[in-house]
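Down below is the structure, laid out as structure tokens.
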Amino acid sequence: MAATEHPPPSRLRRWMLEGLSDMPGAQHVPHAQTEAPHQGRPWWRVMCLTGVDYFSTLGYQPGIAALAAGLLSPVATVVLVLVTLAGALPVYRRVAEESPHGQGSIAILERLLTFWKGKLFVLTLLGFAATDFLITITLSAADASTHLVENPHLADVLHGKQMLITLILVALLGAVFLKGFLEAIGVAFALVAVYLTLNAVVVVTGLWHVLSAEHVVTDWTTALTAQRGNVFVMVGVAVLVFPKLALGLSGFETGVAVMPHVQGDPGDTEDRPVGRIRDTRKLLTTAAVIMSVYLITTSFITTLLIPAKEFQPGGKANGRALAYLAHEYLGSTFGTVYDVSTIAILWFAGASAMAGLLNLMPRYLPRYGMAPHWARAVRPMVIVFTLIGFLVTWIFDANVDAQAGAYATGVLVLISSASIAVTIASRKARQRGWTIGFAVISAVFLYTTVLNVIERPDGVKIGACFIAGIILVSLLSRLARAFELRVTSVELDDMAQRFVRDVASRTIRFIANEPDSRDLAEYRDKIEQIRHDNDLPAPEDFVFVEVTVTDPSEFETSLTVRGEVLHGRYRVLTMESSSIPNALAALLLHARDTTGQIPHIYFEWTEGSPFHNFLRFILFGQGEVAPVTREVLREAEHDRSRRPHVHVG
């Protein structure tokens with residue numbers, strides 16, 4: 001399947017294609033840098049890699065909870081924690097088992113759903129995943145700029161410049177990835193350790209002030225009782241406002257995505273990474289428990305110690321409730337240190353999200369034929385995602401509260417899809433108890449997602465824009481790459497190799513045959529028709545080639561060719577592929593390269609409309625086979641003297 005060599009790419013092109021192998025799980029492109037295989041790390045260190053995303057939500061989650069639930073914020077947060085520990089955690093522990101190489105719930109559903117319905121479903125989920133990760137970048141940058149602008153030492157200088165600062169932070173993030181993103185677990189570990197320690201100091205201080213001033217708790221419970229009446233009403237309202245607090249669930253998909261970094265056991269294999277699965281479950285459980293403790297305590301102290309008006313837009317605690325307490329109760333110096341730590345982890349949470357995007361999109365779209373070749377490289381995609389980040393920041397005016405709905409929608413859709421995926425997987429495994437349990441969890445998350453969409457439609461609108469953009473670009477790319485040779489390898493069995501060697505001593509002549517009854521008359525009449533249409537003498541020797549279409553929605557496939565003799569005289573090569581023209585072109589080029597002879601292949605014209613046949617080729621891998629095979633060969637081999645011959649009668 002060799003093709004004519006092209007001149008070396010320019011320096012800019014080489015630079016743009018460099019860095020692909022910096023990303024774990026990325027695929028190879030020409031001229032990409034090489035890197036030593038990734039060495040695993042202990043699970044507790046890898047936890048910090050996902051923790052920069054998960055734990056960083058403490059920077060804005062208490063403020064969002066206070067805006068959504070008011071005095072009921074601690075009760076609503078308890079509901080969030082229960083859903084986390086009893087719902088999301090079991091789901092993603094199962095996802096880790098079903099998808100131990102970091103593909104996540106999307107890969108499980110891709111495996112369970114086939115053909116075009118599976119591809120379209122995956123593209124839809126990719127749209128919501130893009131919403132989740134991109135809003136993580138822009139929301140985290142916006143919240144980091146909020147902490148910077150609201151710092152007492154910088155408030156006068158930076159007032160009114162939050163949009164500019166947010167854009168600069170997004171640009172700096174893109175610049176880091178343009179230079180090359182290497183192993184970041186050490187940096188993440190340091191950031192998470194410092195951030196959680198500072199938050200522990202704020203929490204302990206806040207709890208001390210709450211307990212030392214007894215009237216604070218009394219005032220809160222009195223006001224809450226007066227406002228909501230009784231415990232049952234409080235719980236009911238807390239359940240209703242839960243969808244607005246869904247940002248507290250944001251770290252699970254990332255937690256599964258970092259699985260390849262987990263060290264596991266020495267005896268782990270790619271097929272059975274038992275230690276990696278076990279340690280990833282420890283990672284997910286530990287992160288969920290730590291986050292749950294912080295969510296409850298921070299919601300409690302911020303609700304009781306911060307005046308309600310300060311949570312509102314323009315208030316000193318809006319988007320930075322814990323920072324407000326750090327400055328208020330621990331002084332300006334500690335508050336500034338806390339701000340720096342928060343800004344750093346929020347900014348690095350964007351790095352985690354960018355890494356997720358760069359791992360996710362190249363894993364699916366190029367393999368589907370739904371992205372150009374450069375989509376496998378890091379730097380071009382970094383530029384695309386950075387520009388989209390600028391657009392999203394401008395649309396939402398760098399406002400944390402305004403982006404929360406879109407972020408929550410992306411998070412909830414991914415968790416809902418994960419719940420559905422593990423429910424289907426449990427049902428296929430005939431695990432009745434788990435099937436029922438995961439079905440209930442799926443219903444809870446679907447209910448939450450629907451409520452979130454109804455109350456905050458901005459999220460689904462943004463998600464729909466990403467979905468529409470991905471599907472449109474994907475289909476256009478698939479059309480543009482329709483005539484690309486996309487067979488990754490060709491392997492002939494012993495009989496097939498014998499057939500090719502035999503005819504190579506004369507002239508290699510193949511007949512493309514659509515298998516029907518495969519009786520004696522079918523092959524005899526086909527040879528007579530080909531000889532008559534092409535005015536070939538009777539002694540000419542032929543080998544039939546038959547392709548069975550498997551999944552036409554697949555873009556890249558490997559080819560296994562089997563030889564057989566039918567009716568004691570007719571040699572037939574059979575193979576399965578997603579596209580008949582691509583399979584035939586790949587076989588012709590392989591025969592040329594292995595024998596040194598230029599093969600010939602003979603077709604009959606296909607009846608019907610050319611446009612209709614082209615659509616059949618795009619969607620179902622067949623249609624007008626002869627001209628498409630010739631076009632695939634022309635794209636793959638630019639030297640006419642080395643190109644296999646296509647004859648149509």
Side-chain angles (χ1 to χ4, degrees), residues 1-5 28 367 369 483-516 518 520 522-524 526-527 530 536 540-552 554-604 617 621-622 625-626 628-639 641-648:
M1 291 186 295
T4 303
E5 294 185 0
H28 173 75
R367 183 160 55 84
F483 303 116
E484 180 181 315
L485 182 64
R486 51 189 195 246
V487 174
T488 56
S489 64
V490 178
E491 182 179 349
L492 278 65
D493 69 5
D494 292 339
M495 184 70 74
Q497 292 180 29
R498 190 183 309 165
F499 292 169
V500 173
R501 284 196 305 267
D502 181 43
V503 294
S505 61
R506 298 176 293 281
T507 300
I508 303 177
R509 299 186 188 275
F510 294 120
I511 294 178
N513 182 55
E514 182 178 358
D516 190 10
R518 305 191 82 198
L520 177 65
E522 177 180 341
Y523 295 102
R524 183 187 61 225
K526 187 76 170 183
I527 287 180
I530 292 298
L536 293 172
E540 287 297 332
D541 201 6
F542 298 97
V543 175
F544 287 92
V545 183
E546 298 176 349
V547 183
T548 301
V549 177
T550 51
D551 183 354
E554 289 292 335
F555 190 74
E556 295 179 345
T557 58
S558 59
L559 201 62
T560 300
V561 185
R562 300 175 180 84
E564 57 181 317
V565 178
L566 296 182
H567 310 296
R569 57 184 298 186
Y570 297 111
R571 293 167 296 182
V572 183
L573 299 179
T574 62
M575 46 191 168
E576 296 180 345
S577 176
S578 60
S579 167
I580 295 176
N582 262 275
L584 295 175
L587 175 64
L588 293 171
L589 292 171
H590 180 80
R592 179 203 67 184
D593 294 339
T594 55
T595 65
Q597 302 292 324
I598 306 297
H600 297 249
I601 189 167
Y602 297 87
F603 296 90
E604 290 184 39
F617 163 66
Q622 38 194 326
V625 177
V628 175
T629 302
R630 192 264 177 190
E631 187 63 21
V632 172
L633 289 169
R634 190 182 70 83
E635 290 284 335
E637 178 54 74
H638 298 282
D639 186 350
S641 65
R642 301 189 69 241
R643 192 181 301 156
H645 303 289
V646 176
H647 306 271
V648 190

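Position 1 is the first residue of the sequence; numbering continues from there. Remember, predicted model here, so these are calculated numbers, not experimental data.
- To the nearest 0.5 Å, the span separating CD1 on Ile530 from CD1 on Ile601 amounts to 9.5 Å.
- Scanning all heavy atoms of the two residues, the minimum distance from Ala512 to Lys526 falls at O-CE, 3.5 Å.
- Atom CG of Leu589 is separated from atom CG of Leu584 by 11.0 Å, given to the nearest 0.5 angstrom.
- In this structure, Ser577 and Ala583 approach most closely via the heavy-atom pair CB-CB, 3.7 Å.
- Between Val561 and His590, the closest side-chain pair of non-hydrogen atoms is not below 4.5 Å.
- Nearest approach of Ala626 to Val648, heavy atoms of both residues: CB-CG2, 3.5 Å.
- Screening Val545, Ile527, Leu536 for a side-chain contact (heavy atoms from CB on, under 4.5 Å) with Tyr602, the sole residue that qualifies is Leu536.
- No donor-acceptor pair under 3.5 Å is formed between the side chain of Thr557 and the backbone N or O of Val487.
- The closest side-chain heavy-atom distance from Asn513 to Tyr523 is below 4.5 Å.
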Practice prompt. Mind running side-chain contact (heavy atoms from CB on, under 4.5 Å) on Phe499 and Val572 for me, showing each step along the way?
Written response: CA-CA 9 Å; Phe499 292 169; Val572 183; 6.0 Å; no

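- For the atom pair Gln497 CD and Thr595 OG1, the distance stands at 12.0 Å (nearest 0.5 Å).
- Side chain of His645 to backbone of Arg509: no donor-acceptor contact under 3.5 angstrom is found.
- Using a 4.5 Å heavy-atom cutoff, the side chains of Arg571 and Val503 are in contact.
- The heavy-atom pair separating Met575 from Leu559 by the smallest distance is SD-CD2, 3.6 Å.
- Inter-residue side-chain proximity for Leu485 and Asn582 is flagged as met; some heavy-atom pair is nearer than 4.5 Å.
- In this structure, Glu514 and Glu522 approach most closely via the heavy-atom pair O-OE2, 3.5 Å.
- Between Arg630 atom CZ and His647 atom NE2 the span is 12.0 Å, to the nearest 0.5 Å.
- Residues Leu566 and Phe544 fail the side-chain proximity criterion, which asks for heavy atoms closer than 4.5 Å.
- Of the charged side-chain nitrogens involved, at least one lies within less than 4.0 Å of a carboxylate oxygen, so that Arg642 and Glu637 count as a salt-bridged pair.
- Contact check for Ile580 versus Val549: side-chain heavy atoms found under the 4.5 Å cut-off.
- With contacts defined as side-chain heavy-atom distances shorter than 4.5 Å, the pair Glu564/Met495 does not qualify.
- To the nearest 0.5 Å, atoms CD (Gln597) and CZ (Arg506) are separated by 11.5 Å.
- A distance of 9.0 Å separates CZ in Arg562 from CD in Glu491, rounded to the nearest 0.5 Å.
- In terms of heavy-atom proximity, Pro644 sits nearest to Ile598 at CA-CG2, 3.7 Å.
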